[in-house]
**Student:** 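Dumping the structure here so I can ask a few things about it.
Quick caveat: nothing in here was measured; it's all calculated off a predicted structure. We count residues from 1, following the sequence as given. Just follow the structure's listing: the first ligand is 1, and inside any ligand the first atom is 1.
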Amino acid sequence: MAESLCPRAGDRLIPLADAQAHVLERVAPLAPARVWTVAAVGCVLAEAISSPEDVPPFANTAMDGYAVRAADTVGASAQAPVELPVVAEVAAGHPAAAALEPGEAMRIYTGAPLPDGADAVVMVERTRRLDDGTRVAIEAPVAAGLHVRVAGDDLRAGDDVFGPGEVITAGHLGVLAGIGVGEVLVHPRPRVGVLSTGDELVDGGGPLAPGQIRDSNRATLLALVAQSGCMALDLGLIRDDDDAISNAINEGAATCDAVITSGGVSMGDLDLVKVVLDRLGDMRWMQIAIRPAKPFAFGLVGERSTPVLGLPGNPVSSMVSFELLARPALRRLAGRSDLHRPAVPAVAAEPFVRSPDGKVHFARVRAERDAGGVLHVRSAGGQGSHHLTAMARAQGLAVLPDGDGIPRGAEVRVLLLEEV
Ligand code: AMP
Ligand code: MG
């Protein structure tokens with residue numbers, strides 16, 4: 001292929017922050033849509049929710065016991081209990097048929113509506129049912145309101161409950177179900193297509209022909225997409241062929257909210273993803289001042305200006321590139337404002353040796369907290385961009401600024417990939 005077909009990335013290595021800004025400036029939250037509440041877990045709310053009703057909707061008992069008027073229990077003790085007739089039983093879902101009159105008690109079970117006329121509940125442990133079962137001995141006085149959950153105690157009708165920008169969690173679903181909200185306006189879960197490129201790649205098991213390797217990036221990237229809260233769509237394994245790559249990217253751009261490719265964005269003439277993206281979209285091909293994951297291409301393709309992120313093919317590079325560039329972009333599409341992995345301080349449990357090359361290195365590390373909660377990190381294994389096993393074991397990426405590395409015992413910043 002003629003050199004002129006290759007778009008130029010420029011000689012300059014660009015800082016990671018510039019590459020991230022370039023992407024994030026071109027990605028906007030997906031237009032909000034109304035969805036079934038249960039399907040919205042993990043999505044970002046795009047409206048304010050106010051409670052249409054009181055929660056709880058009626059006064060009810062927090063304890064198993066006896067509904068009484070507090071005034072009737074004054075002076076009660078184990079030695080001198082107050083004896084009251086038990087006039088009814090009130091269970092959850094079965095309100096009392098009549099009001100409680102002065103001098104009466106009703107047996108009541110947790111969650112049951114407090115009968116009219118009652119103002120407190122004596123817990124069953126402070127009572128004794130008298131032999132014939134028609135009376136109860138109250139062995140302790142209770143104050144008005146004791147063990148009563150009043151209507152609106154959690155939420156009052158008209159209260160603001162949740163607001164735009166909040167991520168819907170399991171707890172949010174419970175609250176929304178509890179106030180009868182069946183649909184919510186959210187930024188939809190982004191649909192993200194993933195494809196691999198490379199003539200050397202094969203899918204699945206079976207014997208390998210000379211020069212072949214198995215496609216590992218697609219499995220990894222599909223899972224990373226799903227773990228980022230998106231819907232992952234497999235766009236397949238594509239040959240190093242201009243038409244095949246064009247068709248796959250065009251189809252992905254038409255059916256997905258974002259497309260992630262791996263391979264074909266390096267310097268070589270056979271790195272066709274950058275060539276195709278340059279033709280299809282408003283593409284920028286970058287050499288980022290990081291290691292691994294230096295080459296990266298980003299374009300907006302098709303009528304909907306679908307973002308296409310061209311990640312490098314080396315398996316570790318594609319994962320690191322996903323973490324640094326794709327994941328923040330997908331989170332922005334999903335309407336999130338917290339885009340980046342947390343960067344936390346840690347202590348280097350061993351020296352991290354490197355030499356100056358104008359790049360920030362991201363070392364794959366295991367992390368452990370000591371008794372005082374301080375994080376200590378050490379290498380997760382081989383640090384080559386093909387050492388996928390170490391990346392698989394890594395809990396974080398230690399940030400090694402350009403220079404000679406970080407000595408043992410010194411502070412190092414770590415992008416945590418999981419909670420440690
Ligand atoms: P590329 O970015 O296409 O030049 O690929 C760089 C290196 O990553 C080469 O050694 C490829 O064989 C390898 N590679 C590319 N894509 C994949 C993939 N999907 N799975 C595993 N290795 C890959
Ligand atoms: Mg390739």
**Student:** What residue among Leu221, Val265, Asn217, Val194 forms side chain to side chain contact (heavy atoms under 4.5 Å, CB included) with Leu311?
**Tutor:** Leu221
**Student:** With distance as the sole criterion, is a donor-acceptor pair present between the side chains of Ser246 and Asn250 under 3.5 Å?
**Tutor:** no
**Student:** Which bit of Val265 is near ligand 1, meaning a heavy atom under 4.0 Å away: side chain, backbone, both or neither?
**Tutor:** neither
**Student:** Report the nearest protein non-hydrogen atom to atom 12 (O) of ligand 1: residue, atom name, distance rounded to 0.1 Å.
**Tutor:** Glu200 OE2, 2.5 Å
**Student:** Check each of Asp215, Asn217, Leu270 against atom 17 (C) of ligand 1 and report the one with the nearest heavy atom.
**Tutor:** Asn217
**Student:** Looking at atom 3 (O) of ligand 1, what's its closest protein heavy atom, distance included?
**Tutor:** Gly264 N, 3.0 Å
**Student:** For Val276, run the side chain to side chain contact (heavy atoms under 4.5 Å, CB included) check against Val273, Asp278, Leu280 and tell me which one passes.
**Tutor:** Leu280
**Student:** Can you name the atoms of ligand 1, numbered from 1 with element, that are less than 4.0 Å from a heavy atom of Asp271?
**Tutor:** 3 (O), 4 (O)
**Student:** Can the positive tip of Arg107 be found less than 6.0 Å from the middle of the six-membered ring of Tyr66, inside 45° of the ring normal?
**Tutor:** yes
**Student:** Is it the case that atom CD in Glu200 sees more than 12 heavy atoms from other parts of the structure closer than 6.0 Å?
**Tutor:** yes
**Student:** Side chains of Thr255 and Glu251: donor-acceptor distance under 3.5 Å anywhere?
**Tutor:** no
**Student:** Between Ser196 and Asp215, does a side-chain hydrogen bond (donor to acceptor under 3.5 Å, both in side chains) hold up when you go through it step by step?
**Tutor:** CA-CA 7 Å; Ser196 292; Asp215 176 7; 2.9 Å; yes
**Student:** What protein heavy atom sits nearest atom 20 (N) of ligand 1, and how far away is it?
**Tutor:** Ser216 N, 3.0 Å
**Student:** Should one rank Val202, Leu195, Asn314 by closest heavy-atom distance to atom 7 (C) of ligand 1, which comes out on top?
**Tutor:** Asn314
**Student:** Looking at non-hydrogen atoms alone, which of Pro295, Ser266, Ser318, Gly313 comes nearest to atom 13 (C) of ligand 1?
**Tutor:** Gly313
**Student:** Can you sort out which atoms of ligand 1 are near Leu201, meaning under 4.0 Å from one of its heavy atoms?
**Tutor:** 16 (N), 17 (C), 18 (C), 19 (N), 20 (N), 23 (C)
**Student:** Near Arg214, which atoms of ligand 1 are under 4.0 Å from a heavy atom of that residue?
**Tutor:** 20 (N), 21 (C)
**Student:** Does any N or O atom in Pro315 lie less than 3.5 angstrom from one in ligand 1, N or O only?
**Tutor:** no
**Student:** If you look at every heavy atom in His187 and Leu30, which pair is closest and at what distance?
**Tutor:** ND1-O, 2.7 Å
**Student:** Against heavy atoms of Ser196, which atoms of ligand 1 measure under 4.0 Å?
**Tutor:** 19 (N)
